[in-house]
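Notes follow the structure.
Chain naming here is simple, since letters A, B, ... match the order of the sequence lines and numbering starts at 1 in each. The structure presented is a predicted model; accordingly, all values stated were derived computationally and were not measured.
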Amino acid sequence: MELVFKNTTGLVSVPRHYCPGCTHGVIHRMVAEVIEELGVRESAVGISPVGCSVIAYNYFNCDMQQAAHGRAPALATGIKRVRPDLTVFTYQGDGDLASIGTAETVQAANRGEKVTVIFVNNAIYGMTGGQMAPTTMPGQVTTTSPAGRDVNHCGYPIRVVELLATLRTPAYLVRVSAHDEVHLVQAKQAIRKAFRYQLEGRCFSFVEVLSICPTNWGLSPAEASQWLANTMIPYYPLGEIKTPDDGPVTEAHHAQ
Amino acid sequence: MELVFKNTTGLVSVPRHYCPGCTHGVIHRMVAEVIEELGVRESAVGISPVGCSVIAYNYFNCDMQQAAHGRAPALATGIKRVRPDLTVFTYQGDGDLASIGTAETVQAANRGEKVTVIFVNNAIYGMTGGQMAPTTMPGQVTTTSPAGRDVNHCGYPIRVVELLATLRTPAYLVRVSAHDEVHLVQAKQAIRKAFRYQLEGRCFSFVEVLSICPTNWGLSPAEASQWLANTMIPYYPLGEIKTPDDGPVTEAHHAQ
Amino acid sequence: MLSEVTFAGFGGQGVMLAGKILAHAGLDEGHEVVWLPSYGPEMRGGTAYCNVVISDKPIGSPIFAAPAAVVVMNRPSLDKFGSRVKPGGLLIINSSLIDATSDRTDIHVVRVPCNEIAQGFGSAKAANMAALGAYCGATKVVTVDSVKALVKETFGAKPKVLDLNYKTLERGWQAGEEGLAAAKKKIK
Amino acid sequence: MLSEVTFAGFGGQGVMLAGKILAHAGLDEGHEVVWLPSYGPEMRGGTAYCNVVISDKPIGSPIFAAPAAVVVMNRPSLDKFGSRVKPGGLLIINSSLIDATSDRTDIHVVRVPCNEIAQGFGSAKAANMAALGAYCGATKVVTVDSVKALVKETFGAKPKVLDLNYKTLERGWQAGEEGLAAAKKKIK
Amino acid sequence: MPRVLIDSVLCKGCERCVGACPQRILGLSKELNAKGYYPALVLHQPRCIGCCLCAITCPDSAVQVGLNGNQYKLFEY
Amino acid sequence: MPRVLIDSVLCKGCERCVGACPQRILGLSKELNAKGYYPALVLHQPRCIGCCLCAITCPDSAVQVGLNGNQYKLFEY
Amino acid sequence: MGEKKLLKGCEAIGEAAIQAGAKAFFGYPITPQSEVPEYLSKRLPEVGGVFLQAESEVAASNMLYGAAGAGVRIFTTTSSPGYSLMQEAVSYMAGSELPCVIVNIVRGGPGLGGILPGQGDYKQATRGGGHGDYRTPVLAPSTVQEAADLMIDAFDIADKYRNPVLVLGDGLIGQMMEPVEFKQRSTQVVEKPWATTGAKGRPPNIVNSLYLDAPTLERHNIKLKAKYDAIEKDERRWEEYGNTGKLDILLVAYGTVARVCKTAVDEMTKQGIRVGLFRPISLYPFPDAELRSAARQAKAILDIELSTGQMIDDVKAAVEGRVPVHYYGRVGGIVCTPEEVAFHAGRVIKGEQVYTIGEYAGLVTALTA
Amino acid sequence: MGEKKLLKGCEAIGEAAIQAGAKAFFGYPITPQSEVPEYLSKRLPEVGGVFLQAESEVAASNMLYGAAGAGVRIFTTTSSPGYSLMQEAVSYMAGSELPCVIVNIVRGGPGLGGILPGQGDYKQATRGGGHGDYRTPVLAPSTVQEAADLMIDAFDIADKYRNPVLVLGDGLIGQMMEPVEFKQRSTQVVEKPWATTGAKGRPPNIVNSLYLDAPTLERHNIKLKAKYDAIEKDERRWEEYGNTGKLDILLVAYGTVARVCKTAVDEMTKQGIRVGLFRPISLYPFPDAELRSAARQAKAILDIELSTGQMIDDVKAAVEGRVPVHYYGRVGGIVCTPEEVAFHAGRVIKGEQVYTIGEYAGLVTALTA
Ligand SMILES: Cc1ncc(C[n+]2csc(CCOP(=O)(O)OP(=O)(O)O)c2C)c(N)n1
Ligand SMILES: Cc1ncc(C[n+]2csc(CCOP(=O)(O)OP(=O)(O)O)c2C)c(N)n1
Ligand code: SF4
Ligand code: SF4
Ligand code: SF4
Ligand code: SF4
Ligand code: SF4
Ligand code: SF4
Ligand SMILES: [Mg+2]
Ligand SMILES: [Mg+2]
């Protein structure tokens with residue numbers, strides 16, 4: 001019997017510590033599959049964040065570095081600039097990337113670092129026990145917004161992909177979702193494309209993956225997927241927001 | 001004889017240390033005039049950055065704090081949240097605000113802090129002797145881009161106003177220029193409007209002012225103004241990019 | 001020292017709450033108390049536990065190499081803590097979920113079918129009350145009234161749940177009392 | 001110690017370059033040298049200065065409370081440094097821009113019209129060479145050939161500018177030599 | 001014939017696969033596994049169409065899909 | 001009649017006012033001020049229209065504009 | 001008020017700050033102190049205060065700067081890596097003479113380390129991890145009640161000296177529940193005429209740490225130094241426990257470890273050993289004279305820390321070589337037990353070499369293998 | 001090579017790093033070290049290296065982490081406030097055992113302070129300003145030539161111990177021009193089998209400082225401690241200058257101040273005073289045994305710093321109370337002169353109380369007025 005879906009060698013085969021139903025695991029698998037499919041496992045360096053996926057270094061079957069909270073894009077920059085032959089990716093949560101790591105995210109994108117960022121947006125700080133993230137939905141109850149996120153108190157959720165899309169530096173910016181099987185099929189394509197752009201030396205590539213956190217949302221995995229579909233997707237539209245082919249990159253404004 | 005244009009009491013009458021022709025001085029004056037005109041000098045707290053305007057605390061005739069490099073919006077947040085009755089503004093350069101302070105800028109805007117940010121974009125690090133800023137123009141020679149800014153090496157200049165405009169939280173975001181008299185008249189209106197929005201408790205307000213740095217650009221003040229008009233304005237379009245009245249703020253996506 | 005106990009189980013089995021109620025009861029009865037949880041990511045999926053100390057003197061360390069008593073709600077907890085009980089100490093095992101037992105002869109082992117007791121009154125969710133009851137019944141460190149008052153504070157809003165917890169607590173108490181008596185005979 | 005001098009003036013008057021050339025010349029002639037600039041924002045608008053030490057032994061401190069010699073190119077520099085010159089030391093004043101002089105009688109004061117000299121050869125921009133020349137002419141700490149070689153390295157690409165600097169240097173040298181001789185008579 | 005292999009040691013009983021299966025042929029076991037979860041089970045293997053959606057959706061790499069013979073490729077993953 | 005007052009101590013001779021004046025009536029002095037700059041001068045006061053653009057454009061608050069009598073407000077500043 | 005409540009250390013810290021008059025909290029979640037922001041996100045709005053989650057510790061500490069500069073009592077809590085990110089702001093606040101309170105619930109390090117209790121940030125806390133000549137008083141509670149009490153004192157000290165004050169705990173202090181009583185304490189209301197509250201009827205106030213003129217900066221530094229001298233004179237705190245007089249051994253420990261040592265002292269005393277505990281409560285200023293006098297009649301000192309040995313330098317400096325100072329510690333999140341302390345103290349008394357951490361845990365073999 | 005060039009300290013530091021094999025520079029401008037990035041932005045591309053201006057010191061230090069983890073020789077330069085922002089990353093690099101070199105061209109502090117020379121970051125540098133039990137070797141040059149030489153050594157030490165190494169200068173070292181010779185030095189090429197260079201033909205490498213399991217983290221801490229013990233044993237550096245044997249006074253100073261002291265020693269010797277200078281070159285590890293032996297025949301020690309007194313604790317600990325240790329310093333950017341040093345040394349010799357900074361500058365009156 002041939003295995004038509006078999007576990008990727010891009011992951012180490014150990015049980016993972018994620019909660020039942022948590023889509024971190026699915027996203028790990030897709031990234032690992034792409035790395036394997038593109039044949040770059042032996043040149044890949046991944047960077048794990050601080051967040052539930054902090055020990056992703058135990059799961060990905062490639063060289064890994066563990067970054068300080070929010071700084072993964074800086075590490076990626078450091079690695080890629082001195083070893084452009086390596087395939088460098090970061091794997092980051094929304095607290096990590098969209099809060100403490102805002103500057104590193106925006107600036108790495110703006111410099112056009114030839115790295116791939118996998119951004120797992122679960123609208124919450126998972127690891128530390130469910131505090132509000134910049135991506136938390138209006139009205140969403142968290143341990144630090146016990147009455148629900150009040151947009152008059154701390155603003156609206158940040159749409160990182162749209163934010164980065166205003167930068168003129170070419171980039172591949174896409175948002176996908178991991179909440180169900182159909183969206184996973186699309187997500188996989190986006191991740192593949194993101195790594196391809198890196199391998200071609202074209203641009204910075206960034207995949208935002210909407211993800212569920214049943215534990216801190218206080219929902220079953222199925223309910224959590226529903227909530228993501230009903231609440232998050234309307235606010236976080238899916239699709240390619242920017243590709244490096246967008247618009248002519250004219251050199252009109254060169255100075256002096 | 002009546003003075004139809006007289007020096008504002010919003011500024012302390014001491015000579016300022018800026019280089020001849022440097023528009024920091026003009027921008028100081030306009031902000032101070034607005035504070036005086038709106039009658040809020042006695043409730044105002046300004047925050048000076050690290051940059052050529054670091055000692056703005058000696059010039060503004062109101063209470064002042066001096067912030068660590070890039071952190072002025074965090075200070076402003078701290079002050080305004082505990083003393084909402086005060087009129088709080090920051091005065092920041094492009095290195096300060098758009099490089100090291102990226103996170104503080106984006107997050108203060110996103111939280112909708114009711115403060116006013118005056119952002120002086122002179123496309124360079126003035127104080128430290130003319131190093132490249134994130135806003136430096138493509139091809140522009142600086143002491144750390146001796147061959148001119150190479151967009152393939154470090155990307156395109158960041159347009160902060162456009163970046164912030166993607167945030168859903170209501171805001172007043174405008175770009176003006178200080179390079180000549182006509183633009184100064186427009187700039188003044190924008191600054192006044194920005195403070196008004198704060199006083200009305202409406203929103204975060206942000207005025208980007210294009211500014212010249214004759215010293216580090218290696219140009220006379222007149223040449224510098226020309227360069228700004230010819231090179232910077234096409235890349236940094238002037239005008240109100242966002243007002244709090246833009247678009248209906250629907251509460252459609254409230255969760256749970 | 002009146003009492004020094006570790007409650008251990010899966011996250012979700014309510015061991016933290018059981019410990020907190022015990023500590024509260026100790027405080028209400030005028031003693032010094034400390035409740036110390038395990039915390040952080042290790043709680044996720046793994047075992048959660050808390051230590052409770054009740055004493056008549058200021059409490060030094062709430063960390064014990066060898067606790068006087070341990071209540072284990074699941075198998076991994078038995079594996080982790082069973083061997084640490086102080087000689088002469090007490091080990092309460094939730095026999096509903098743990099087939100294994102301890103082969104130690106220097107301690108008192110009491111097996112209580114916590115889930116079954118609670119299930120019998122309506123829901124296995126109250127199994128932690130059986131465990132708490134068993135520990136208190138065996139040690140008498142606090143009175144049943146103190147504990148009941150706190151159970152009421154916790155579940156008072158929902159009469160059905162309160163009733164379930166009361167009954168489970170009482171049955172657990174009895175099981176603890178009887179179990180220890182039996183164990184004492186064994187050990188002599 | 002062969003030489004210990006401060007060059008001071010407005011930013012833009014070329015005092016830094018004058019000092020660097022002197023230090024280079026010292027190095028080329030086989031001595032230990034240090035060149036130390038003032039730096040940072042104080043340079044903007046204010047006075048800029050640099051210290052040069054040339055010695056035959058390893059150089060300790062390049063910071064002097066009382067320098068053996070000072071060359072001042074503008075009024076604020078005279079105010080700041082004039083009083084610090086070591087008794088018996090040398091003060092060279094750019095008389096083109098400084099009407100005032102020092103009333104100290106314990107030092108040698110030499111007035112050199114640096115801007116005028118340079119202007120005479122084509123541009124006041126070379127005034128710093130007159131000052132450098134004056135200092136070297138007075139002290140003979142390095143040879144004129146060493147200095148000229150370095151001036152050539154600096155301006156060699158533009159023959160006209162080189163010529164201007166050469167000539168200004170030489171005239172300054174002479175003014176320094178003669179000025180010190182005159183001052184020595186005065187002081188005795 | 002497709003064949004779905006579920007690793008009941010890795011499975012955490014989250015039921016994502018159960019929801020993902022277009023044939024509705026997956027369910028949970030009534031027996032706890034060693035980690036304390038009720039792992040997923042194939043209830044009716046013959047109706048399986050080998051679409052792999054169960055495997056794709058599993059966060060814990062607990063599902064693999066085997067095949068004897070040929071299979072229509074239903075979508076690009 | 002408008003009257004332009006330039007503080008030659010504060011002035012740094014940047015010539016921004018010179019460029020801003022629609023009447024082209026400003027220029028620089030030939031005398032250095034104490035700080036070493038050639039300060040701005042009004043060359044032909046009578047032609048001044050009191051628009052204040054010189055003052056508006058001055059970075060060093062060295063320009064004030066006075067008025068005897070009435071004046072058309074040319075723009076909103 | 002006056003009533004004993006069972007509270008987690010983190011909750012007690014948050015509540016105490018409110019009792020001390022703190023008007024707002026700016027902070028960022030990090031284990032094991034996230035219960036502070038969680039508690040305050042509910043509690044502060046109830047009392048008309050402001051809870052705001054900052055985007056990072058860098059931002060949080062600079063929000064503190066702004067709010068402290070505006071004259072209100074303000075504080076934040078964090079844990080080790082977060083405190084490292086605050087070093088620039090702490091140096092700025094010290095330089096600008098701004099009062100505030102920062103709680104560091106220390107965890108294992110360096111780097112991401114672990115989340116269990118540690119004392120590896122002692123040097124950072126007591127020497128100033130930021131740049132420049134400054135110091136911050138450091139208070140180290142060893143019970144939840146004391147954490148609450150010291151929080152209130154910390155605000156008073158901060159205001160008195162216009163300086164940041166650090167409260168140093170660890171996961172045990174933060175996570176443990178103990179009975180706490182908030183005594184009605186009159187916290188000093190300090191006038192802050194220097195604060196940026198709007199220049200109404202007075203010249204503008206400036207909050208600043210920049211002095212480009214060297215003599216001016218030197219005067220500023222001298223003024224700061226005089227302040228630290230005053231703090232070193234007036235703000236020492238310590239506790240002595242167990243036996244005094246002639247001692248076979250004097251234990252020195254702070255915070256969590258001191259609790260463990262108290263149990264050890266009780267046990268050892270029962271066994272007839274003459275043992276006492278000296279517990280520094282203020283780590284800066286370190287109660288050196290007091291330790292010196294406590295140590296006068298001791299045959300030996302055993303310094304016990306959850307670090308590879310940081311406070312020991314202060315202990316040695318305090319006793320000036322008059323008493324031999326031994327060290328024992330555990331690290332990585334392991335808290336030593338009373339039995340362990342007694343065992344190692346026993347070795348010292350018997351004149352045996354104290355085991356190193358590695359030896360004791362049988363680790364050295366594993367490492368060299 | 002072999003030729004003497006007149007270089008600014010900042011340029012020499014940049015060039016030396018290239019000579020040592022550094023492949024890239026990530027950094028952020030700050031006075032008085034901006035000449036390093038400026039120099040390298042031209043120079044690195046010439047030699048096939050990478051110059052990248054980071055968005056902040058936080059980012060720069062984390063770029064260092066990434067590049068060091070990828071196995072290349074890497075460094076950055078900064079000044080005081082910038083170094084404070086690097087504390088988290090330095091702690092991470094120490095925890096993950098990554099070699100790199102960081103240059104801190106110290107300025108006046110605390111806060112924004114000033115830009116003139118200072119030594120107020122001594123404690124931060126030698127004690128570790130970040131969290132957790134770690135140390136970084138610190139080398140303090142006092143000439144431009146030495147700055148260049150120590151840069152190269154710093155890379156070797158970093159690689160040897162897999163640890164960040166700090167080079168501590170100040171504005172004077174950074175801005176001064178002196179002749180520099182780059183001797184053809186065979187810098188050790190160290191294999192880095194642990195680096196993340198792609199898992200080709202070997203199992204994946206992991207660069208990490210997180211150890212959630214306490215015993216594992218404890219083992220890791222013990223391993224780090226063993227490394228620091230080895231560093232303390234093998235990496236001490238110091239210089240003795242002037243007289244040896246019986247001394248009226250021994251000066252102790254490092255970096256810029258040590259230059260000043262050398263001139264003072266020369267002058268005083270001329271006056272017949274028996275005076276010597278002990279100059280620590282490695283500040284961590286502090287050459288304590290060496291200082292102790294140098295001090296053996298001295299009547300007194302005068303510790304001279306551009307701080308209110310930080311190294312003095314190490315000096316005191318080193319001499320163990322056998323010789324009286326006096327302190328004199330200037331702060332705020334003022335560098336004391338040779339005359340000033342001689343004057344204060346003279347007071348010590350005469351048995352007079354050394355003036356405090358404030359007294360000397362006649363400042364105390366102004367302050368108390
Ligand atoms: C400097 C620092 N601040 C805070 C923390 C604590 N911390 C650990 S994980 C985390 C949030 C993670 O949330 P997110 O990035 O959304 O990841 P998730 O767990 O949701 O996948 C925080 C705040 C830390 N380790 N370091
Ligand atoms: C943490 C920190 N990093 C760097 C510096 C050095 N620094 C001072 S001003 C400045 C740049 C200022 O440029 P900009 O913000 O554009 O202001 P400008 O001078 O151009 O008005 C830098 C990098 C500092 N003081 N603190
Ligand atoms: S806490 Fe949330 S994000 Fe973290 S593993 Fe559990 S479900 Fe996933
Ligand atoms: S350096 Fe540039 S920005 Fe700074 S004062 Fe001079 S002209 Fe203005
Ligand atoms: S392969 Fe498809 S049909 Fe078969 S069990 Fe899985 S999801 Fe169901
Ligand atoms: S998706 Fe995976 S883990 Fe979840 S129930 Fe199915 S097989 Fe088990
Ligand atoms: S007021 Fe107008 S017209 Fe008069 S001098 Fe000024 S710019 Fe010229
Ligand atoms: S604009 Fe102001 S500073 Fe410039 S020349 Fe005119 S008056 Fe002088
Ligand atoms: Mg998250
Ligand atoms: Mg700028």
Side-chain angles (χ1 to χ4, degrees), chain D residues 1-2 4-7 15-44 46 48-68 84-87 89 142 146-147 149-150 153-154, chain H residues 3-10 30-35 79 105 107-108 112 114-117 142-146 170-181 239 241-242 253 256-267 277 306 330 333-343:
Chain D
M1 188 65 58
L2 299 177
E4 202 180 78
V5 59
T6 298
F7 287 89
V15 295
M16 297 296 187
L17 180 63
K20 269 191 207 174
I21 289 180
L22 176 60
H24 262 288
L27 174 62
D28 289 349
E29 296 190 3
H31 307 302
E32 299 287 335
V33 301
V34 177
W35 172 89
L36 175 73
S38 62
Y39 59 88
E42 79 171 275
M43 285 173 63
R44 194 153 305 140
Y49 65 90
C50 66
N51 292 347
V52 179
V53 187
I54 303 180
S55 174
D56 280 336
K57 295 198 309 171
I59 295 166
S61 170
I63 293 178
F64 2 100
R84 296 198 199 162
V85 182
K86 198 180 273 182
V142 287
S146 301
V147 178
L150 285 156
E153 237 177 63
T154 312
Chain H
E3 185 209 355
K4 276 200 182 182
K5 280 192 225 168
L6 202 54
L7 286 180
K8 264 200 175 191
C10 282
I30 182 167
T31 308
Q33 65 77 51
S34 297
E35 288 82 356
S79 178
I105 302 293
R107 45 190 256 182
L112 194 47
I115 56 169
L116 297 171
S142 86
T143 67
V144 174
Q145 178 68 56
E146 193 181 27
D170 61 36
L172 210 131
I173 299 290
Q175 296 292 323
M176 183 166 67
M177 274 189 154
E178 286 191 308
V180 184
E181 187 183 340
E239 181 198 9
Y241 182 85
T256 281
V257 186
R259 291 178 77 102
V260 176
C261 288
K262 282 187 184 177
T263 306
V265 165
D266 290 347
E267 295 301 319
L277 166 70
L306 302 186
R330 294 307 294 265
I334 298 177
V335 179
C336 49
T337 61
E339 294 77 13
E340 199 174 337
V341 170
F343 171 79

(Q) Would D:Val34 and H:Arg259 count as a side-chain contact (heavy atoms from CB on, under 4.5 Å) here? Give the steps. (A) CA-CA 12 Å; D:Val34 177; H:Arg259 291 178 77 102; 3.5 Å; yes
Q. Where on D:Ile63 is there a heavy atom nearer than 4.5 Å to chain H: the side chain, the backbone, both, or neither?
A.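 The answer is both parts of D:Ile63.
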Q. Which heavy-atom pair separates H:Asp266 from D:Lys57 by the least distance, and what is that distance?
A.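 It is OD2-NZ, 3.5 Å.
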(Q) Return the CG to NZ distance between D:Asp28 and H:Lys4, rounded to the nearest 0.5 Å. (A)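 Taking CG in D:Asp28 and NZ in H:Lys4, the distance rounds to 12.0 Å.
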Select, from [options], the one with the greatest count of heavy-atom pairs under 4.5 Å involving chain D.
options                                : answer
H:Pro179, H:Cys261, H:Cys336           : H:Pro179
H:Gln175, H:Met176, H:Lys262, H:Glu178 : H:Gln175
H:Val144, H:Val260, H:Thr143, H:Val257 : H:Val260

Q.
My understanding is that only residues two or more places apart in sequence, or in another chain, count here; which of them pass side chain to side chain contact (heavy atoms under 4.5 Å, CB included) with D:Ala66?
A.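 Scan of D:Ala66 (side chain to side chain contact (heavy atoms under 4.5 Å, CB included), adjacent residues dropped) gives D:Lys86.
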Q.
Shorter than 4.5 Å, heavy atoms on both sides: which option in D:Ala65, D:Pro62, D:Pro37, D:Gly60 has the most such pairs with chain H?
A.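 Winner by heavy-atom pair count: D:Gly60.
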